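Throughout, a chain's letter reflects where its sequence line sits, starting with A, and its residues are numbered from 1. Predicted, not measured: the structure shown is a model, and the values here were computed from it.
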Amino acid sequence: MRLYICLILTLGMCIAYQLTFAQLVPVIDKKAIGKSVENLAVNLLKNQQYKKIQDHTEDTYTSYWAIQFLQQQVQDHLKSVSSIQDLHWFDLSKSIYLATELIKGPAQPGLEVDYFLEHPLFNQHPAAIYRELCLAGSADQLPTDLTSLHEGKQRREAIINSFHRLAAERKAYAAVTFQYLADDLLLKATELSEVLKQPERFSITEGERIRLHMYAEEYLLLAAQMLEHSDRLLLNISSVKPMQQQANQTWQQLERAAVAKTFVLTF
Amino acid sequence: MKWKSYFCLAGLPLLCLVNHTLSAQKVIPVEDRMLRDSIAENASRSTKQAGYLTVINRLTKNTRDEVEATRSLQYDYQSHLRRTLSTAALGVSDQQSQQQAVLQLIHTGQHLQDYGFAQSLNEAYHTLEEPLEKSRRLYDHLVPYDEMKVFSDLISFNSYQQAQLRNMLALEEMSSRRKAQLAQALRQLAQQKIRQADELKTKLTEGQTFSMTEAERLKLLSTMQQYLLASQQLNAQSDELLEQVSRPSSLKEQALERYKKAQIRKTAATTPLFNF
């Protein structure tokens, strides 16, 4: 009995074995192999092409990245100020200071009319000054008697004199300012034309370069003319008419006083 | 008996295996048409794809070359922007003489030192640094009448006026010297401007010399046009300055007149008088 069971089992195993390994009958299909080889060769060729395409794409990517980098760099460069930071042009505070002082001018009490445009009295002062200058505004009465007329005239003289004095002081200040500015401009123009000639310094087109050279030349001319102007302003100070009149008056008064003190010798 | 049957049972599969290995050695040639056809189809498809890939490869290569050309162009242009060679030879880039001229003009201020009688003015002109203070001092030295000063007698007032007059005289001398220099410099500049305009006009119009936008080119050309006018104006200015210098100022005339009178007086005093 046991033997039969063993036999059945063995037969079963044999059948199972046959069933599992039955397909593994080695066959050869030469044409299929030929086609496969052909396929393989073509696929290898494709692989090669893929490789090339990949290389090219990578190169393109690298170049494109470089372009992008350059653009970025130029963009950043346009915003950066470091390349002109050490130039004298970078610091305009001196010029601005001189100009502001020139606008403010030397202050004189009573004549703040053009001291500051924001001055709260700006609207009232001109009217007052007009009234003083014309002895009476349109709405005011004329001076009542001779004494007040004289006083009014004197006040008017005083205002005119102080106005001329202020103008002369401002001229002196402008003259000095122009001297400083001429110095400054010479320095800046020299620096500009030096720096423009340095290679690798600025990234600008030739048109801009030539133009900047021209500007440097303009500034030199401006500096020269400023010096001449400064001299003219200083010389102008001496020939202010009302001041000369005042000087003459003083001279006459002093001469009169001297004459009064001198004894008259009669022979 | 039992052992034998077991042996047989174990031997059967072994036999089968041996049988199998023995039969594996002989290869059966077959022909599977479906397989062959499918592989063939696959191969033809692959061939077609390979063709496409070649085309794509060529296109990618072109793209790569062009992108690389673009890159090198950009980098070349970038370095071109930093080069100064093309403008170095231009007349406009050489401003040595103009700079020297302006420097000379500034140095003419030292000429005030030549006048011993205007010493204080010279000091104010050269030593003070603060602009407001300097302008006050200069004003004090030059103004003909100062309200703040009180003079009790004629002599002190006279000497004050004399001092102002001397300061003016010194300043005017210095100024006319400066004017003469400026006239010279302006004439030089006028000539240079003409030369520059001529040079740049040629270079701008002949092409291939400069790379710039048309707007810049036109603007430069119009500037060159203006240069001719500017040169004319500079010449006129120079002439005017020379004319101012050639005519002695009223102050100078006064001083010369006074000197002449003093000399006549001196000569008269030392000349013996003969009465016939």
Might you point out which heavy atoms bring [X] and [Y] nearest each other, and give the distance in Å?
X: B:V67; Y: A:Y64; result: CG1-N, 3.7 Å
X: B:N57; Y: A:I53; result: CA-CG1, 3.6 Å
X: B:L182; Y: A:A224; result: CD1-CB, 3.4 Å
X: A:G207; Y: B:L220; result: CA-CD1, 4.1 Å
X: A:L234; Y: B:L142; result: CD2-CD1, 3.7 Å
X: B:Q95; Y: A:E217; result: NE2-N, 3.6 Å

Of the backbone (N, CA, C, O) and the side chain (C-beta and beyond), which part of [X] lies under 4.5 Å from a heavy atom of chain A, both, or neither?
X: B:S72; value: neither
X: B:L138; value: side chain
X: B:R178; value: side chain
X: B:L200; value: side chain

Would you check if [X] and [Y] make a side-chain contact, meaning some heavy-atom pair closer than 4.5 Å?
X: B:Y227; Y: A:M214; value: yes
X: B:N158; Y: A:L254; value: no
X: B:S135; Y: A:K171; value: no

Does any backbone or side-chain atom of [X] lie under 4.5 Å from a heavy atom of chain B? Answer side chain, backbone, both or neither.
X: A:A216; result: both
X: A:E208; result: both
X: A:R201; result: backbone
X: A:A257; result: neither
X: A:Y180; result: side chain
X: A:Q253; result: neither
X: A:V27; result: both
X: A:D183; result: both
X: A:T177; result: neither
X: A:A168; result: both
X: A:Q68; result: neither
X: A:L235; result: both
X: A:Y61; result: neither

* Flag the one option from A:E58, A:Q245, A:R209, A:K197 with the top tally of heavy-atom pairs under 4.5 Å to chain B. =>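 Winner by heavy-atom pair count: A:R209.
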
* To do: Go through A:A172, A:A247, A:A32 and name the one with the most non-hydrogen pairs under 4.5 angstrom from chain B.
  =>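 Sorted descending by pairs with chain B, the first entry is A:A247.
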
* What do you reckon, is CG of A:L40 surrounded by more than 12 foreign heavy atoms closer than 6.0 Å? ->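 Buried by this count: over 12 neighbours within 6.0 Å.
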
* Asked: Does a salt bridge link B:K193 with A:E218, judged by any charged N lying under 4.0 Å from a carboxylate O?
  ->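 Counted as a salt bridge, because a side-chain N and a carboxylate O are separated by less than 4.0 Å.
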
* Pairing of B:R36 and A:D29 as salt bridge, 4.0 angstrom limit ->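 Between A:D29 and B:R36 there is no salt bridge, as every charged N stays at least 4.0 Å from the carboxylate O atoms.
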
Between [atom1] of [X] and [atom2] of [Y], what distance do you get to the nearest 0.5 Å?
X: A:K35; Y: B:E41; atom1: NZ; atom2: CD; answer: 11.5 Å
X: A:S238; Y: B:Q164; atom1: OG; atom2: CD; answer: 9.5 Å
X: B:Q100; Y: A:T190; atom1: CD; atom2: OG1; answer: 9.0 Å
X: B:S46; Y: A:K46; atom1: OG; atom2: NZ; answer: 4.0 Å
X: A:D55; Y: B:T60; atom1: CG; atom2: OG1; answer: 11.0 Å
X: B:Q196; Y: A:H213; atom1: CD; atom2: NE2; answer: 10.5 Å

* **N/O donor-acceptor pair under 3.5 Å between A:R232 side chain and B:S175 backbone** =>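 Not confirmed, A:R232 side chain does not pair with B:S175 backbone.
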
* Asked: Taking B:Y75 for the side chain and A:A66 for the main chain, is one N or O donor matched with an acceptor at less than 3.5 Å?
  ->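 Yes.
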
* Apply the test side chain to side chain contact (heavy atoms under 4.5 Å, CB included) to residues B:L241 and A:E228: give CA-CA distance (whole Å), side-chain angles for both, the deciding distance (0.1 Å), then the verdict. => CA-CA 10 Å; B:L241 283 172; A:E228 201 263 332; 3.6 Å; yes

* I would like to know whether B:I106 and A:L227 meet side chain to side chain contact (heavy atoms under 4.5 Å, CB included); could you show each step before the answer? => CA-CA 7 Å; B:I106 289 175; A:L227 278 173; 3.4 Å; yes

Do [X] and [Y] pair up side chain to side chain, a donor and an acceptor below 3.5 Å, judged on atom types alone?
X: B:Y52; Y: A:Q49; answer: no
X: B:E68; Y: A:T60; answer: no
X: A:T205; Y: B:E216; answer: yes

* **side chain to side chain contact (heavy atoms under 4.5 Å, CB included) assessment of A:L185 paired with B:V102** => CA-CA 10 Å; A:L185 275 181; B:V102 177; over 6 Å; no

* I would like to know whether A:R211 and B:K219 meet side chain to side chain contact (heavy atoms under 4.5 Å, CB included); could you show each step before the answer? => CA-CA 9 Å; A:R211 189 151 284 277; B:K219 200 152 183 219; 3.4 Å; yes

* To do: Just grab all the salt bridge (charged side-chain N to carboxylate O under 4.0 Å, His left out) pairs involving residues 57-66 of chain B, residues at least two apart or on different chains.
  =>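 As it turns out, the salt bridge (charged side-chain N to carboxylate O under 4.0 Å, His left out) pairs with a partner in residues 57-66 of chain B, which skip direct neighbours, are A:D59-B:R64.
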
